[in-house]
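Below is one structure, written out as structure tokens; the observations come after it.
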Amino acid sequence: MVIKEYGKENTNTIMLLHGGGLSWWNYREEAEILSNEFHVVLPILDGHAESDRDFIDINSNATEIITYIDDNYDGKVMAICGLSLGAQVLIEILSIRADICRYSIIESALIEEMPLVNYLIEPLMNISYWMITKRWFAKLQFQSLKIRQELFEDYYRDSRKISKKSMIAFLKANSKYQVRDDLHKSKAKVLILVGSKEPKKIISSAHKLNKMISRSELKICKGYTHGEISLNHPIEYVDELLTLMR
């Protein structure tokens with residue numbers, strides 16, 4: 001597993017898991033702010049730019065991260081947060097290891113299966129993957145994601161490095177992810193974030209997660225789209241995390 005680190009000299013560790021199709025820069029500004037007080041670890045999920053292996057499934061990423069925490073932090077960190085695909089990996093981690101962290105933010109996580117989307121991913125990618133390297137196509141994709149303009153070069157550079165195999169794998173994993181029953185055993189204090197303009201299945205997923213996790217709070221962010229909180233409003237995101245940890 002490849003990681004980026006900020007604030008290595010600090011004791012308490014926060015881990016941030018980026019969204020699918022992005023990379024560690026998803027949380028770069030949050031890491032810079034938090035590094036004054038915390039050790040911030042940004043793993044690069046399998047199959048993404050700069051990673052050291054193809055994406056297999058969500059569970060493989062989760063177990064890899066758990067092993068890393070066991071080997072480097074005696075099995076526990078202060079907080080783990082994740083966006084979208086990273087949030088699904090986080091949910092898997094919390095389900096496998098109930099006491100791995102004290103605090104957690106789950107942002108824009110899908111836990112309702114989308115069978116039609118899952119079925120269409122591979123044939124659509126087989127047709128359109130060649131366009132990934134084209135700047136004009138990247139701009140269209142970027143605009144549809146509603147990400148702030150300052151992140152475009154990062155997005156374009158790294159989206160080009162994702163293989164078709166890995167892209168199909170993580171898109172399919174995202175659309176069919178199912179939560180383990182053991183999630184309710186998690187001991188973490190959890191904040192569930194979702195934008196009011198996200199797809200209905202992601203909003204309903206947030207409500208379901210809130211019911212499943214006993215020590216959780218749900219916050220619906222008015223006017224925000226998918227992943228907009230961490231990607232476009234890093235100061236607000238850090239404020240939410242620090243409030244959660246007080």
Side-chain angles (χ1 to χ4, degrees), residues 13-22 26-27 30-31 34 40-43 45 58-59 61-63 65-66 69 76-114 170 173-222 224-234 236-246:
T13 299
I14 295 172
M15 182 173 282
L16 306 173
L17 307 176
H18 66 80
L22 309 176
N26 179 159
Y27 290 108
E30 285 90 342
L34 290 165
V40 186
V41 178
L42 308 177
L45 299 181
I58 287 169
N59 179 262
N61 277 262
T63 54
I65 289 168
I66 291 169
I69 292 173
K76 292 183 182 181
V77 293
M78 174 70 77
I80 310 176
C81 307
L83 164 65
S84 194
L85 179 67
Q88 292 173 321
V89 173
L90 168 55
I91 291 167
E92 191 78 355
I93 291 169
L94 296 177
S95 302
I96 297 169
R97 185 75 65 79
D99 62 347
I100 198 165
C101 62
R102 293 171 59 189
Y103 307 100
S104 184
I105 294 181
I106 297 172
E107 181 187 358
S108 302
L110 177 67
I111 63 167
E112 295 186 11
E113 289 189 84
M114 301 176 72
F170 70 69
N174 174 260
S175 65
K176 67 178 182 181
Y177 179 66
Q178 292 182 307
V179 177
R180 292 170 179 254
D181 292 337
D182 287 340
L183 179 62
H184 77 277
K185 297 178 182 178
S186 174
K187 297 178 182 179
K189 184 181 179 184
V190 179
L191 175 62
I192 300 162
L193 295 177
V194 67
S196 65
K197 292 186 176 181
E198 299 209 44
K200 289 181 179 179
K201 284 205 171 189
I202 294 181
I203 295 174
S204 61
S205 291
H207 284 283
K208 287 182 178 179
L209 286 166
N210 186 214
K211 290 179 180 178
M212 293 177 72
I213 304 170
S214 59
R215 298 186 66 209
S216 68
E217 174 191 351
L218 170 61
K219 181 173 182 178
I220 299 176
C221 300
K222 188 175 180 180
Y224 285 5
T225 56
H226 185 69
E228 187 173 349
I229 306 163
S230 61
L231 282 163
N232 293 352
H233 305 280
E236 180 181 344
Y237 188 90
V238 169
D239 286 344
E240 293 285 3
L241 178 56
L242 294 178
T243 299
L244 178 69
M245 295 192 300
R246 285 190 187 125

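For the single chain, residues carry numbers from 1 onward in sequence order.
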Which heavy atom of [X] sits nearest to which heavy atom of [Y], and what is that distance?
X: S204; Y: E112; answer: OG-OE2, 2.5 Å
X: I58; Y: A173; answer: CD1-O, 3.8 Å
X: L94; Y: C101; answer: CD2-SG, 3.8 Å

Using a 3.5 Å distance criterion without hydrogens, assess whether the side chain of [X] forms a donor-acceptor pair with backbone atoms of [Y].
X: N26; Y: G19; value: yes
X: E113; Y: Q178; value: no
X: S205; Y: I111; value: yes
X: S104; Y: V190; value: no
X: E198; Y: S108; value: no

Would you give the length of the straight line joining atom CZ of R246 to atom CG of L244, rounded to the nearest 0.5 angstrom?
->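 Reported to 0.5 Å precision, the distance equals 10.5 Å.
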
Measuring from L45:CG to L85:CG, what's the distance to the nearest 0.5 Å?
->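 Between L45 CG and L85 CG, I get 5.5 Å after rounding to 0.5 Å.
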
Tell me the side chain to side chain donor-acceptor pair (under 3.5 Å) pairs involving residues 183-196, sequence neighbours left out?
->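 Of all non-adjacent pairs touching residues 183-196, those that pass side chain to side chain donor-acceptor pair (under 3.5 Å) are D182-K185.
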
Close side-chain approach of [X] and [Y], heavy atoms under 4.5 Å:
X: Y224; Y: L193; answer: no
X: N210; Y: H207; answer: no
X: L218; Y: L209; answer: no
X: H18; Y: L42; answer: no

After noting the C-alpha distance and the side-chain angles of I96 and E92, does the key distance pass the side-chain contact (heavy atoms from CB on, under 4.5 Å) rule?
-> CA-CA 6 Å; I96 297 169; E92 191 78 355; 4.0 Å; yes

Report the C-alpha distance between L191 and T243 in whole Å, list the side-chain angles of each, state the deciding distance to 0.1 Å, and finish with yes or no for side-chain contact (heavy atoms from CB on, under 4.5 Å).
-> CA-CA 10 Å; L191 175 62; T243 299; over 6 Å; no

Using the six-membered ring wherever Trp is involved, compare the ring planes of Y237 and Y27 and label them parallel, tilted or perpendicular (cut-offs 30° and 60°).
-> tilted

Just one of I80, L83, I65, L16 clears the side-chain contact (heavy atoms from CB on, under 4.5 Å) bar with L90, so which one?
->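 It is I80, the one option of I80, L83, I65, L16 that forms the side-chain contact (heavy atoms from CB on, under 4.5 Å) with L90.
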
Stepwise, does the side-chain contact (heavy atoms from CB on, under 4.5 Å) test hold for I69 with V41?
-> CA-CA 10 Å; I69 292 173; V41 178; over 6 Å; no

